Number of protein chains: 2
Amino acid sequence: MRNNESVYQFLEHLNGIQPLGLEAKNAIAGLCTTVRINKNKDLQSIGQTCKTIYFVKEGTARIYYYKDGKEVTEFFAFENDLIIRAESLFASMPSHKAIQAINDTIFIAIPAEQLFLLFDRFHDIERLFRKIVERSYVDTVNRLESLQFNSAVERYNLLLQHSPEVVRKIPLKYIASFLGITQVSLSRIRAATP
Amino acid sequence: MRNNESVYQFLEHLNGIQPLGLEAKNAIAGLCTTVRINKNKDLQSIGQTCKTIYFVKEGTARIYYYKDGKEVTEFFAFENDLIIRAESLFASMPSHKAIQAINDTIFIAIPAEQLFLLFDRFHDIERLFRKIVERSYVDTVNRLESLQFNSAVERYNLLLQHSPEVVRKIPLKYIASFLGITQVSLSRIRAATP
DNA sequence: CTGATTATTTAACATTTGTAAAAGGAATCG
DNA sequence: CGATTCCTTTTACAAATGTTAAATAATCAG
């Protein structure tokens, strides 16, 4: 029952992005399962090909990978956010990235192949998904711009402005690599900004 | 007639991404116009809201903006590439970026609103566009990864590997800011790499 | 072809950011 | 509660990149 309640709320969220007919809603609901992952545990691990589309129902999560033996956090997801390793899912290639729960987190999981099949039957569902991908694309373009020529201080301040919840909820070691800097640098910046 | 020939070839390219019915093809063709822009001239200028979807038919183009009075190149487009200011088009907000022809360039222009209307009548067209946006999204995620923690040398070498045509065809001053570094830095890197 | 403009490289120095190691703080678990 | 572990900050120094200016090199217009 809990699961059904979660999925129902989630569908309402989707309906806000793109109005869906009852049949379409039911079709999506039929594919949704909920997955609970404990703090610091991986939902998807490095080397897997991403075949599932996840949304965060409750909690916080991140995508990370290793660069020269060090962890790099690429992305944070909060309630209702889509979390996928796009470069793997859309190209059907193994990912060198992992998805991890930062706190105890509940995900909604939708098998990608089965969702894509629904696109043929429900135009609305394909439209919904198109809009979701468009949003993710825009977010990524904006982050790219920030990484391209803003200084570390500017990037930190922009993050404070646009996503204060990140700075409140997420360990600084993850935020540092998300901003493309080391933990030491981030500490320096925080010490300098009163 | 020249225009029609261009558009026909372009439709074949689209058909390779997502097979389209004859009616759908004709509907798209009806929206396509070709635009010639001379070298170093802007196709779309800063401050405009992006309401047109462009593809490069012939030539090369870029997206650029100003950061602290200096030009930053965000994106390059070659033959058949989509070139849009996504953060403006998908959010209907004025863009602080411009689209410019690097050489004399022919663009194919599609009015966004009218294309979006076709989505209702032709499922295939919405699917095509979804796939195109997905590809752009994946490209952007990969660039983001490169900017986040690769050194300038690594970013330059990756560009050489993955997009040698960029280094061959595009002025180094544009490439430098595309890589998130200054022209001086790029020169140093090239001098060090024999 | 020549002068003028634009693009690229080089040099010297300043600033930012990284690295490694240590010290403080905070959270966690028995 | 106390000990352990993990997170964050600080310090000192090294490396990478930026800045400004000047020197070449390449391109373009007349």
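Letters A, B, ... mirror the listed sequences (proteins, then strands); counts begin at 1. Not measured: the values here are computed from a predicted model.
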I'd like a table of atom pairs between the protein and nucleotides 4-7 of chain C - only N or O on both sides, under 3.5 Å - with the distance next to each one.
{"from": "C:dA7", "atom 1": "OP1", "to": "B:Lys173", "atom 2": "NZ", "distance (Å)": "2.4"}
{"from": "C:dA7", "atom 1": "OP2", "to": "B:Lys173", "atom 2": "NZ", "distance (Å)": "3.1"}

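- Annotation: side-chain contact (heavy atoms from CB on, under 4.5 Å) contacts of B:Ala77 (sequence neighbours excluded): B:Val56, B:Phe75, B:Asp81, B:Ile83.
- Checked against ring-ring contact (aromatic ring centres under 6.0 Å, His included), A:Tyr137 has no partners two or more places apart in sequence or in another chain.
- B:Phe10 meets the ring-ring contact (aromatic ring centres under 6.0 Å, His included) test with B:Phe55; sequence neighbours excluded.
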Margin query: salt bridge (Lys or Arg N to Asp or Glu O under 4.0 Å), that's the test. Do B:Arg62 and B:Glu71 meet it? Break it down for me.
Written below: CA-CA 12 Å; B:Arg62 67 183 183 121; B:Glu71 242 187 39; 3.0 Å; yes
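- Applying the side-chain contact (heavy atoms from CB on, under 4.5 Å) test to B:Glu87 and every residue at least two apart in sequence or in another chain returns A:Val138, A:Val141, A:Asn142, B:Arg85, B:Ser95, B:Lys97.
- Between B:Phe129 and B:Phe119, the ring planes are tilted. Angles from 30° to 60° get that label.
- Separating the CG atom in B:Asn103 from the CG atom in B:Asn38 is a distance of 11.0 Å, to the nearest 0.5 Å.
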Checklist line | Sugar-phosphate or base contact per nucleotide [nucleotides 13-30 of chain C; S, B, -; heavy atom under 4.0 Å] | finding: ----SBBB----------
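- Rounded to an integer number of Å, the gap from B:Arg190 CZ to D:dA26 C1' is 13 Å.
- Screening residues 156-181 of chain A for side chain to side chain donor-acceptor pair (under 3.5 Å) gives A:Tyr156-A:Arg190 as the qualifying pairs, with residues at least two apart or on separate chains.
- Evaluation of the side-chain hydrogen bond (donor to acceptor under 3.5 Å, both in side chains) rule for A:Gln183 yields no partner, not counting sequence neighbours.
- Comparing the start and finish of the helix from C:dC1-D:dG30 to C:dG30-D:dC1, five pairs each, the helix axis swings through 50°, to the nearest 10 degrees.
- Note: CG (A:Asp68) to P (D:dA15) measures 17 Å, nearest angstrom.
- Between B:Phe76 and B:Thr60 there is no side-chain heavy-atom pair separated by less than 4.5 Å.
- Partners of B:Glu126 by side-chain hydrogen bond (donor to acceptor under 3.5 Å, both in side chains), not counting sequence neighbours, listed by chain and number: A:His123, A:Arg127, A:Arg130.
- Proximity of A:Ile181 to A:Arg155: side-chain heavy atoms (C-beta onward) are separated by under 4.5 Å at one or more points.
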For nucleotides 23-25 of chain D, give me every protein contact, N/O to N/O, under 3.5 Å, one pair per line with atom names.
none

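- For residues 16-28 of chain A, the set of pairs meeting the side chain to side chain donor-acceptor pair (under 3.5 Å) definition, not counting sequence neighbours, comprises A:Glu12-A:Lys25, A:Gln18-A:Lys131.
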